[in-house]
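Notes to accompany the following structure.
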Protein chains: 2
Amino acid sequence: MSDALDTALRLVRAQAALVRRFDARLGGLHGVSLADFTLLLRLGQAPGGRMRRVDLAEALGLTASGVTRALVPLERIGLVTREPDVRDARVAYASLTGTGRARLKEMLATAEETAEDLFAAPAWGEEEVPLLASLLTRLGGTGPRT
Amino acid sequence: MSDALDTALRLVRAQAALVRRFDARLGGLHGVSLADFTLLLRLGQAPGGRMRRVDLAEALGLTASGVTRALVPLERIGLVTREPDVRDARVAYASLTGTGRARLKEMLATAEETAEDLFAAPAWGEEEVPLLASLLTRLGGTGPRT
DNA sequence: CTCATAAACTTGACTACTCAAGGAACTCTC
DNA sequence: GAGAGTTCCTTGAGTAGTCAAGTTTATGAG
């Protein structure tokens with residue numbers, strides 16, 4: 001088997017393992033999945049803590065319907081609310097609540113810890129993590145779905 | 001956000017994009033998903049083209065029930081058959097059929113192509129693909145579920 | 001031999017997506 | 001100002017996995 005195919009398959013396996021670690025940690029401490037956390041994080045980074053669902057979908061690499069479904073439980077537990085747009089009645093913003101923002105801060109600490117554990121010395125050198133990040137970025141997956 | 005967390009999130013996005021590319025290519029040409037292909041590939045690498053379902057689960061990073069469900073459509077389209085063990089009536093081997101082996105060979109060519117495209121020059125240097133592979137291997141995900 | 005425990009597998013109920021279709025609201029052209 | 005087309009979002013149906021529970025078979029201890 002070629003290096004290229006081998007690398008691609010390893011990437012899939014590594015991601016599955018990584019997601020499971022994050023899900024276990026975030027789920028255990030905060031009751032959310034990595035996908036939930038990522039969504040909240042993007043919202044937290046957006047001005048005003050709110051985004052149109054369409055933009056959220058693009059930022060997360062999901063479809064619009066995936067976002068609709070992902071938001072349901074987050075709205076139910078009060079981390080996110082739905083806000084209409086004054087100008088355009090088609091758009092419904094997803095907006096972090098106060099609770100959402102507070103909980104996100106705690107989740108972020110957990111996620112940082114988990115990530116640091118994952119890339120801990122001595123297995124990982126100081127410069128290797130950014131190196132991995134730059135290689136992964138070249139693989140795409142950022143920006144709009146094609 | 002730390003480099004570590006940023007890198008972890010990039011890995012998730014890169015994998016999603018990669019899986020979509022493989023699914024599109026393999027699905028279009030051979031009617032299978034990347035997960036199907038990976039399963040068939042592992043079977044193909046095993047002696048006699050057959051494995052116990054439990055070992056297949058471990059090799060793929062799935063649960064036993066995931067394997068049961070993944071095999072159903074592959075048996076239905078005749079790429080894999082179920083074979084009992086003579087010694088132990090609990091075990092049911094998953095075994096590549098002749099057709100399965102032939103189709104796998106074609107799929108492998110497609111997968112290799114897709115992987116080469118993904119890591120094509122000039123964006124990717126000769127030495128960078130094995131480098132990425134080695135970084136990913138350090139992240140684990142190979143071997144038994146913990 | 002018999003009983004307890006363990007291993008291999010399947011099944012039901014669930015989650016998290018996808019795609020395709022559709023409703024409602026906006027915008028553009030005449 | 002009326003359609004025609006486009007955008008935003010939701011919904012129904014389907015796929016791919018999870019976990020927990022159950023069945024069947026094997027094994028080891030007395």
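Below, chain A is the first sequence line, B the second, and so on; all start at residue 1.
Summarising the geometry, the separation between CZ on Arg20(B) and P on dC17(C) is reported as 11 Å, rounded to the nearest angstrom. A straight line from CZ of Phe22(B) to C1' of dT18(C) spans 20 Å, rounded to a whole angstrom. Put simply, CG on Leu71(A) is 14 Å from C1' on dC8(D), counting in whole angstrom units. Residue Glu58(A) contributes atom CD, which lies 16 Å from atom C1' of dC9(D) at whole-angstrom precision. For the pair Leu62(B) CG and dA8(C) P, the interatomic distance rounds to 16 Å; values are reported in whole Å. Atom-to-atom, CZ of Arg52(B) to P of dA26(D) comes out at 13 Å; the value is rounded to the nearest Å.
Contact annotation for Ala92(A): backbone-only contact, meaning every heavy-atom pair under 4.0 Å involves sugar-phosphate atoms and none involves a base. Here Arg69(B) lies in heavy-atom contact (under 4.0 Å) with a base.
Listed by first and then second residue, the ring-ring contact (aromatic ring centres under 6.0 Å, His included) pairs that reach into residues 113-136 of chain B are Phe119(B)-Trp124(B), sequence neighbours excluded.
The listed nucleotides are dA8(C), dC9(D), dT10(C); the one nearest the side chain of Arg53(B) is dT10(C).
In this structure, Arg20(B) does not pair ionically with Asp23(B), as no charged nitrogen and carboxylate oxygen lie closer than 4.0 Å. Salt-bridge formation is not detected for the pair Arg53(B)/Glu83(B): no Lys NZ or Arg NE/NH1/NH2 atom is positioned less than 4.0 Å from an Asp or Glu carboxylate oxygen. We find that Glu112(A) and Lys105(A) are not joined by a salt bridge, their nearest charged nitrogen and carboxylate oxygen being 4.0 Å or further apart. Contact check on Asp85(B) versus Arg87(B) returns no salt bridge, with no Lys/Arg side-chain nitrogen under 4.0 Å from an Asp/Glu carboxylate oxygen.
Contact between the side-chain N/O atoms of Thr68(A) and the OP1/OP2 oxygens of dC9(D) is not found at any separation under 4.0 Å.
A heavy atom closer than 4.0 Å to some atom of DNA chain D occurs in no member of residues 26-46 of chain A. Listed by residue number, Arg87(A), Asp88(A), Ala89(A) are the residues of residues 72-89 of chain A with a heavy-atom contact under 4.0 Å to DNA chain C.
Both cation-pi conditions hold for Arg50(B) and Tyr93(B): the charged atom is under 6.0 angstrom from the six-membered ring centre and inside a 45 degree cone around its axis.
By the side chain to side chain donor-acceptor pair (under 3.5 Å) test, Arg103(B) pairs with no residue at all, sequence neighbours left out. Here Asp6(A) pairs with Arg10(A) under the salt bridge (Lys or Arg N to Asp or Glu O under 4.0 Å) rule; sequence neighbours left out.
In the displayed structure, Glu126(A) atom CD is contacted under 6.0 Å by at most 12 heavy atoms of other residues, nucleotides or ligands.
Here the CG atom belonging to Leu104(B) is positioned 6.0 Å from the CG atom belonging to Leu40(B), to the nearest 0.5 angstrom.
In this structure, a donor-acceptor pair under 3.5 Å is present between the side chains of Asp36(A) and Ser33(A).
Scanning all heavy atoms of the two residues, the minimum distance from Met107(B) to Leu79(B) falls at CE-CD1, 4.0 Å.
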Which protein N or O atoms sit under 3.5 Å from an N or O of nucleotides 21-24 of chain D?
none

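Between the base of dC19(D) and the side chain of Ser65(B) there is a donor-acceptor pair shorter than 3.5 Å.
Along DNA chain D, the nucleotide nearest Val67(B) and the nucleotide nearest Val54(A) are compared for position; the residue whose nucleotide lies closer to the 5' end is Val54(A).
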